[in-house]
Amino acid sequence: MSHKYEGGCEHIHTHASNEPIDNHTCHCSVCKNVTGQDDTHVVFFNYGDISVDNIAGLKRQPFNANNPNGPLELCTCGECGTPIMLDDKEKRIRVIVPNLMGYNSTQLPATYHAFYDPAAGAAAPSDGRPVYEALRPDFVWPKPG
């Protein structure tokens with residue numbers, strides 16, 4: 001069966017048919033530490049909108065090493081180590097990083113820049129998309145599941 005958005009690896013497949021609730025380029029230090037990228041294309045889906053075909057095959061670790069009890073867990077394939085998604089212990093969202101998690105990033109273009117801090121020394125984004133110090137001002141976190 002084909003779905004609108006698909007990703008994962010050879011051992012674990014994820015998919016969504018609903019649209020994401022947020023789609024941005026993240027400049028935060030946590031994303032930089034986890035991905036090794038200067039900025040990270042991040043896509044939030046409502047928790048129930050991302051399906052996983054082999055949830056038992058996931059290896060889970062804290063997303064933020066400085067906040068190991070935080071709500072987000074980085075889920076990787078227990079067999080090959082591929083990053084699969086970020087899972088929210090509060091069941092609000094599931095997060096995909098398209099270029100690392102097997103998704104087609106051109107299907108899910110980022111609409112703004114989040115967590116940009118000019119004091120960090122990086123050049124300001126110049127692609128014309130809005131730039132915010134946090135998530136976009138109108139973003140509302142879904143209720144826990």
Side-chain angles (χ1 to χ4, degrees), residues 1-9 12-77 81-145:
M1 179 177 187
S2 181
H3 300 276
K4 186 163 189 174
Y5 306 112
E6 298 177 316
C9 68
I12 300 174
H13 306 98
T14 60
H15 64 265
S17 294
N18 293 331
E19 294 300 319
I21 60 171
D22 189 78
N23 201 332
H24 62 271
T25 299
C26 189
H27 297 265
C28 82
S29 61
V30 177
C31 283
K32 287 179 185 184
N33 288 338
V34 172
T35 68
Q37 301 176 141
D38 290 337
D39 54 57
T40 304
H41 179 185
V42 177
V43 183
F44 290 4
F45 286 89
N46 280 312
Y47 186 85
D49 289 348
I50 293 282
S51 297
V52 183
D53 72 352
N54 179 12
I55 200 100
L58 294 174
K59 180 180 174 190
R60 297 169 179 270
Q61 52 269 323
F63 172 61
N64 183 346
N66 295 325
N67 183 15
N69 296 318
L72 295 181
E73 295 178 306
L74 173 60
C75 298
T76 56
C77 176
T82 296
I84 301 298
M85 69 179 174
L86 297 181
D87 207 10
D88 180 5
K89 292 185 271 188
E90 296 179 21
K91 298 185 177 181
R92 300 168 297 176
I93 61 171
R94 283 187 163 157
V95 181
I96 298 297
V97 176
N99 72 318
L100 299 178
M101 298 175 177
Y103 282 71
N104 179 345
S105 61
T106 60
Q107 286 185 306
L108 298 159
T111 58
Y112 69 100
H113 293 269
F115 300 104
Y116 174 72
D117 178 6
S126 60
D127 59 12
R129 290 180 285 148
V131 178
Y132 301 111
E133 294 178 10
L135 295 173
R136 69 180 198 273
D138 63 333
F139 180 77
V140 176
W141 284 92
K143 294 191 183 319

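Index from 1, following the sequence.
Scanning both residues, Val52 and Arg94, for their nearest heavy atoms gives CG2-NH1, 4.0 Å. Between Phe63 and Cys31, the shortest heavy-atom distance links the atoms CZ-SG, 4.0 Å. Residues Ile12 and Cys77 come closest through the heavy atom pair CD1-CA, 3.9 Å. The minimum heavy-atom distance linking Tyr5 with Asn18 is given by the pair CE1-O, 3.6 Å. The nearest pair of heavy atoms linking His41 to Pro109 is NE2-C, 4.0 Å. The heavy-atom pair separating Pro20 from Leu108 by the smallest distance is CG-CD2, 3.9 Å.
When the salt bridge (Lys or Arg N to Asp or Glu O under 4.0 Å) test is applied to Asp39, no partner is found at least two apart in sequence or on another chain.
Of the possible donor and acceptor atoms, none in the side chain of Asn46 sits under 3.5 Å from a partner among the backbone N and O of Gly48. Under a 3.5 Å cut-off, the side chain of Asp87 and the backbone N or O of Glu73 do not form any donor-acceptor pair. For Tyr116 (side chain) and Ala122 (main-chain N/O), a donor-acceptor pair under 3.5 Å exists by modelled atom type.
For residues 118-138, the ring pair (Phe, Tyr, Trp, His ring centres under 6.0 Å) pairs, not counting sequence neighbours, are Tyr112-Tyr132.
Using a 30° and 60° split on the angle between ring planes, His27 and His113 fall in the tilted class, from 30° to 60°. In this pair, Phe44 and Phe139 present their aromatic rings perpendicular. The plane angle is above 60°, beyond the 30 to 60° band.
Atom NE2 of residue His13 and atom CD of residue Glu6 lie 9.0 Å apart, to the nearest 0.5 angstrom. Between Ile84 atom CD1 and Met101 atom CE the span is 8.0 Å, to the nearest 0.5 Å. How far CE of Met85 is from CG of Leu100: 15.0 Å, rounded to the nearest 0.5 Å. Separation of atoms CD1 (Ile55) and CZ (Arg60) is listed at 5.0 Å; rounding is to 0.5 Å. Here the CD1-CD1 distance, from Ile50 to Ile96, works out to 4.0 Å after rounding to the nearest 0.5 Å. Here the NZ atom belonging to Lys89 is positioned 8.5 Å from the CG atom belonging to Leu72, to the nearest 0.5 angstrom.
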Review point. Hey, mind stepping through Arg136 and Thr111 against side chain to side chain contact (heavy atoms under 4.5 Å, CB included) and telling me if it holds?
Key: CA-CA 10 Å; Arg136 69 180 198 273; Thr111 58; 5.6 Å; no

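Heavy-atom contacts from other residues, nucleotides or ligands closer than 6.0 Å to CD of Gln107 number more than 12.
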